Amino acid sequence: MLKLKTGLMVGALMVALSGTAFAGKKDDTIRFAYEQVPENVDPYFNNVRIGVILGQLVWDTLIFRDPVTNEYKGQLAKSWKWVDDKTLDLDLREGVKFHNGQDFDADDVVYTLNFVGKAENKVTTQTNVNWIESAEKLGKYQVRIKLKRAFPAAIEYLAGPVVIHSGKYYAEAGPLGMNAKPVGSGPYKVVEHTIGKSIKLTANPDYPASLNKRVPKIKNLEIRFIPDRQTQTAEVMSENLDFIMGVAVDQALGMKAVPHLQVVEGETMRIVFLNFNLTEQSPTPAIKDIRVRKAIAHAIPREAMVKQLVGEKARIINAICFPTQFGCDDKLAPRYAYDLTKARELMKEAGYGPDKKLELEIVAYRERDQTEAMIGALRSIHINAKLQFLQYAAMREHLRLNKAAIAHQTWGSFSVNDVSAGTPVYFKFLSDDMARDPEVRDLLEKGDSSVDPAARKEAYAKALGMIQERVLGVPLYSLTTHYVANGALQFNTYPDEIPRFWEMSWK
Amino acid sequence: MASKNMASKSSMAGKTFQRILGHRGLVIGLVLLGVIFAMAIFAPLLSPFDPYDQDLGRRLIPPFWSPKANPAHLLGTDNLGRDYLSRILYGARISLLIGFAVMLISGLIGTTLGLLAGYFGGRVDLAITFLITTRLAIPVVLVALAVVAMIGGSLVVVILVLGLLKWDRIAVVMRAATQQVRGLDYIAAAEAAGASVPRIILKEVLPNVFPQLIVVATVEAASAILLEAALSFLGLGVQPPLPSWGLMIAEAKTMMFFAFWMIAIPGSMLALLVFAINLVGDGLRDLIVPKRRG
Amino acid sequence: MLGYALKRLGTALAVAIFVSILSFMLLRMSGDVAIALAGEGARAEDIELIRKLNGLDRPLMVQYFDWLGHAALGDFGTSLYFKSPVMPLIADKIGNTIILSVASLAFALLIGVPLGVLAAVYQGGWVDRLALGIAVTGQALPNFFLALVLVMLFSVQLRWLPVSGSGTWLHFVLPTITLGYYITPPFMRIVRAGMVDALEMDYVRTARAKGLSKASVVLKHALANALVPVVALAGVQLGLLLGGSVVIETIFALDGLGYLAYQSITHKDFPVTQAILLMLSIAYVGLTLLADLVNAWIDPRIRLA
């Protein structure tokens, strides 16, 4: 009895002590947790989504893409003009200040672009910057960007991953200094960055009204890195967090029942598809038989998976690209509806049946339940798929060494709304291309480098159609993400998976 | 207090009682272990469903004690609509396989090293003691995680990694036991009779240190089962859709606040198995090495 | 004593170096770091460039000695993932792990030693059986499972304790219990065994015969004897705790060395994993060395043997 009493007293004491932890509205702080730690918060030196999010919070881009209409608008650049295929002139905005008080002008753009464009500076995702030849100053508020090759999607990159640093500060601090003490010109400024643990941000009161983002309505933002999903869930359920994202559908449903929480499903640009190893070194030559690949395409219950495992807002896709991306047109792509009878017939023609099963390996790196569901589906058409579930880097290595016949891939295109950031990665003879079809490659190349939008669209549509005709991959669906938030938080979601914290407010 | 007499009396009675208790623990452990063995062996007969068969239309059905239960699925279904009872039954196979396979590999390495060190002494002993010390200084969990992370997890990889890492305690115990036996007369007699060294070690030494081997190997099997579960829990263990209990906890942990039974069932099974093995280990220790329970 | 200490120190050093070679080779042979570094969407030429820039194309032994030479001077290179020096990264996290390990050890000692004493004194009684029960279940319960149950109970249901992080001492309560509970049984067993032996020794019987009270006999004579092996065990357990908190630190997002190790492993951040492995093995070797020396100092027979 005595022990029980002491226990209760200790408990009461603990409640009193931890009372300050309870979140949100009271101290005007959004507490947000993310599972992955960015290797460096400088947007050029990481390749995780939280890096893209931070890029939009702390920094700004030259051009702005409206997340709803997908229309391009001026941001740090007031306007821009193509001089020729490989030359872009931009007029810059005046009156923008970096968080360290320095004024923004052409020197910042020139330094940033010249720095990131050089391969030896080792920007993590080279495809984001390797089209930049150089940048030069035409006036205090005028710059010219020279491209290495004709690359019409440059505008999209300038509106996304290519953020502008303070040239002077970046020259002094470099990417490491930028990580330790980030300085940008975005709506939030970093107060404290504890590497690998948390980032504390506060509203930038000097953010100009002329830009497309705004001075945040909620003053403080605290980002914590919590690797375990159920720990995030526990934190948000016990009101120590206000916002988490990327919650799986079952947990999201579970949390819907918690009174102080709201659950919102949002679309994402990340698509899911299967890739086949069709090279000479393919570990399973049988996969080179188009009948087997067609059978697989017919066997995967995409509708049921979307309904049960993904989310209501997921879209079934019929080509390997996200529907809003420029050039993502599936009009020439044949459809393969869910049809087990047909799939089994195709397998039978290819020589497989209950007595002769096809053994192969499938490799995956996220949404393991979805991979398992696919393995279950393949079992019913006499394919025994063995799973290798690996970290992303390990998966790529595994694929490059030709150890798996099928890859369960997902691709978010870095939120770039142009097919050039997606399909070519897997079908243009780059290192992730396991299909190696030269005709597809040539069509994609044509789409990437043509200047005429109509010609680009036509080339991409043909490429996407050809990929489906030859079943070089199986497009499945787009993913959705569930946001779980404090019930008092007012927010909107966007398919690029970037939470606009500066727009959020308390109800 | 009547302490003077009580002390000897209680220690006498205590000893007898303890022996019985020890035996009772052993009996309970053996019975539990037998049940889990039976589950593993007869899994195909006992399972109402194929543990790999999915049904996306029957996902997350709660177990029998819930009002929403479905009598066809006594322990409910998981997030892919697989029958939980069938997976638990087949899971016994995985855990037992891991326990015994790791025990076999580490037992082989540990016993060999221990026997050699204990029998030959001198430089051999120094070298092997050094190896053991080195092995003890390697953080097992970290190294196992690192290796599995890089070469990819599978049942075979996990068994090999754990087997190659967990021989230290067996080597220590075998070394000490061999040293004791080494000094005994009949070894000297065998040597004098001209028996070859391998023969002496295998025919004379090994049978005499075997009981201690069994005790320490049991403990190691339990610890290997827990380690596999921990690795699988962190996503760096065996690969799905294998119905490993550790993996089942890992797969269901995100659901624990909404469907606690999903981690409670495999978690309890795991605890029960390790509990049973430990009871057996303790019981055997009491019988074989009386007094020492440290 | 000095000779013994020097000899033990020499062995400890040799062990540490041997461990470093083993773990270096092991980590290097099991994966291509360059691919890991290159990340999502990298092309073959990026990967080759990264391999060259990081010196990953040199022979393994050259890489090892290069690394060891720097490590000896406290320079563990640059984290491949965080791109910042490894040493400050580790220095930043090690505090939390030390607090957690020492607290867990203290927890285990506070529970394990008294329980072991009581179990020995009342051998066969209910305390003994209870202690045995705790010991057997303690070792049977997977610690990550216990952690989840504790979080569910104390953080989500009762809201007494924070779930994750390392901001205040309260953040350490649940991880400490989880880890401490798991290492309590060995202490309890060893104290019990030592006490059972001691209580049957002649001098204890003599002391009792002289009419000293039971409590004083137990505490003064028997316990002192039974505590000797506890010192060695504490050294070993502390060494294991430092390396064994990976799972627990990850669950509680407790920003310590184990959590950093897990991050570095999943990111193939070889220099960080390597540095942590080396530091943990040195810590283990150092602690067991310390325990040996303390024991040799307490009990002269050890250093003569």
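Every heavy atom of this structure was used, including side-chain atoms; hydrogens, water molecules and symmetry mates were not. On a predicted model such as this, the values are computed, not experimentally measured, just so you know. So that the names make sense, note that chain A is the first sequence line, chain B the second, and so on, each numbered from 1.
Nearest heavy-atom pair across A:Met237 and C:Val156 is CE-CG1, 4.1 Å. In this structure, C:Tyr259 and A:Phe225 approach most closely via the heavy-atom pair OH-O, 3.1 Å. Of all non-hydrogen atoms in C:Phe82 and A:Asn179, the two that sit nearest each other are O-ND2, 4.4 Å. Between C:Leu89 and A:Ile195, the closest heavy-atom pair is CD1-CG2, 4.0 Å. Looking at every heavy atom in both residues, C:Ser166 comes nearest to A:Lys197 through OG-NZ, 3.4 Å.
At a 4.5 Å heavy-atom cutoff, the contact between C:Thr250 and chain A is made by backbone and side-chain atoms alike. The contact between A:Gln230 and chain C is made entirely by side chain atoms (from C-beta outward), counting heavy-atom distances below 4.5 Å.
Counting heavy-atom pairs closer than 4.5 Å to chain A, the top residue among C:Gly165, C:Ala253, C:Ser164 is C:Ser164. The residue among A:Ala119, A:Pro175, A:Pro38 with the most heavy atom pairs within less than 4.5 Å of chain C is A:Pro38.
Separating the CG atom in C:Leu148 from the OG1 atom in A:Thr231 is a distance of 7.5 Å, to the nearest 0.5 Å. Between A:Thr194 atom OG1 and C:Lys93 atom NZ the span is 8.0 Å, to the nearest 0.5 Å.
Taking a 6.0 Å sphere around NZ of C:Lys52, one finds it holds 12 or fewer heavy atoms contributed by other residues, nucleotides or ligands.
By the 4.5 Å heavy-atom criterion applied to side chains, C:Asp269 and A:Glu39 are not counted as neighbours.
Without hydrogens or angle criteria, A:Ser238 side chain to C:Arg159 main chain gives no donor-acceptor distance under 3.5 Å.
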